[in-house]
Amino acid sequence: GDSVTQMEGPVTLSEEAFLTINCTYTATGYPSLFWYVQYPGEGLQLLLKATKADDKGSNKGFEATYRKETTSFHLEKGSVQVSDSAVYFCAHDMRFGAGTRLTVKP
Amino acid sequence: GAVVSQHPSRVICKSGTSVKIECRSLDFQATTMFWYRQFPKQSLMLMATSNEGSKATYEQGVEKDKFLINHASLTLSTLTVTSAHPEDSSFYICSARLQGHYNSPLHFGNGTRLTVT
């Protein structure tokens, strides 16, 4: 069946470091792909999305490219900030990866 | 726009009692809502898909008689945990998708922390 596999972490980085969180999926057809973020004490919210192959979603300095050939949607940010500390979820449709907790230290 | 309200945010109940959690889409209509359980190490488990006017579709391993879902209108879905036990203590989250927007992002409630004593 459809599923999402995500690097679980936790991930701890220093401020201004480069971030990659890996995500791969299995699905029938070509679903839209999403990254959601859950900040401490808050509900999940959409971070970015991509609706078809080779699309790049971006928001708040984060990017992810929909790679059909590798069935991947890795999340990247060139320079993380303390305020990026949160849990990040990769998803397609209503199915989510396990979530990756990111902690950014000053 | 696209606000989902979930109530209550916290509830404590005694073992053997039932608890109802409400999920409302405040400014849009949602044909489909989803219920999740979030475990301590943050993973989000899909419990069931709630469809307005029809029976919910439960994921494998989720007891439908224990977790009753009702989606009586386009703006309200409820999850009732029946005969709750301490192992049902968890964080429950609902989400909704705009009516007619298949494959669009989900909008989430802020979750309900259930503690069963």
Side-chain angles (χ1 to χ4, degrees), chain A residues 1-12 21 23 25-53 55 57-59 62 64 66 73 85-103, chain B residues 1-10 21 23-26 28 30-51 56-62 69 71 77 90-98 101-113:
Chain A
D2 295 358
S3 66
V4 178
T5 302
Q6 176 180 348
M7 182 176 85
E8 290 195 26
V11 174
T12 302
I21 301 176
C23 172
Y25 66 92
T26 58
T28 53
Y30 303 105
S32 294
L33 299 173
F34 308 94
W35 277 98
Y36 292 87
V37 59
Q38 186 178 31
Y39 295 105
E42 298 184 16
L44 277 83
Q45 55 187 277
L46 178 68
L47 178 61
L48 55 82
K49 68 176 182 179
T51 57
K52 60 183 186 295
D55 265 4
S58 61
N59 186 24
F62 291 89
Y66 190 153
F73 192 53
S85 297
V87 181
Y88 293 83
F89 293 90
C90 183
H92 80 71
D93 199 12
M94 70 286 199
R95 303 207 177 271
F96 284 70
T100 302
R101 182 175 299 278
L102 169 67
T103 302
Chain B
V3 176
V4 174
S5 174
Q6 189 172 339
H7 180 79
S9 58
R10 292 178 180 273
I21 302 169
C23 181
R24 293 180 184 273
S25 55
L26 296 186
F28 67 100
T31 311
T32 305
M33 292 185 174
F34 305 95
W35 287 94
Y36 296 85
R37 184 170 175 175
Q38 187 169 32
F39 291 92
K41 288 197 172 181
Q42 89 252 344
S43 67
L44 210 59
M45 182 193 82
L46 177 65
M47 298 175 66
T49 300
S50 169
N51 299 297
T57 304
Y58 289 82
E59 294 297 301
Q60 192 172 8
V62 177
I69 291 172
H71 194 156
S77 176
S90 194
F91 194 61
Y92 294 88
I93 304 175
C94 72
S95 69
R97 175 183 288 139
L98 271 70
H101 287 68
Y102 174 73
N103 245 352
S104 64
L106 300 181
H107 303 279
F108 286 85
N110 283 336
T112 297
R113 173 72 61 192

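Numbered from 1 within each chain, the chains take letters A, B, ... in sequence-line order.
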(message) Please classify the contact between L44(A) and chain B as side chain, backbone, both or neither, with a heavy-atom cut-off of under 4.5 Å.
(response) both

(request) Against chain B, label T51(A) side chain, backbone, both or neither, depending on which of its atoms sit under 4.5 Å from a heavy atom there. (result) neither

(request) Pick whichever of V4(B), T32(B), L44(B) has the most heavy-atom pairs under 4.5 Å with chain A. (result) L44(B)

(message) Tell me which of these, I93(B), N110(B), L106(B), has more heavy-atom pairs under 4.5 Å with chain A than the rest.
(response) L106(B)

(request) Evaluate side-chain contact (heavy atoms from CB on, under 4.5 Å) for Q38(A) paired with F108(B), printing each intermediate quantity in order. (result) CA-CA 10 Å; Q38(A) 186 178 31; F108(B) 286 85; over 6 Å; no

(message) If the test is side-chain contact (heavy atoms from CB on, under 4.5 Å), which one of L48(A), I21(A), V37(A) qualifies with F62(A)?
(response) L48(A)

(request) Against chain A, label Y36(B) side chain, backbone, both or neither, depending on which of its atoms sit under 4.5 Å from a heavy atom there. (result) side chain

(request) Answer with side chain, backbone, both or neither: which region of Q6(B) has an atom nearer than 4.5 Å to a non-hydrogen atom of chain A? (result) neither

(request) Could you go through the side chain to side chain donor-acceptor pair (under 3.5 Å) check for T26(A) and S3(A) one step at a time? (result) CA-CA 5 Å; T26(A) 58; S3(A) 66; 2.8 Å; yes

(message) Within the 4.5 Å heavy-atom criterion, are W35(A) and Q6(A) side-chain neighbours or not?
(response) yes

(message) Under the criterion ring pair (Phe, Tyr, Trp, His ring centres under 6.0 Å), I'd like the reasoning laid out for F28(B) against H107(B): C-alpha separation, chi angles, the key distance, then a yes or no.
(response) CA-CA 11 Å; F28(B) 67 100; H107(B) 303 279; 5.7 Å; yes

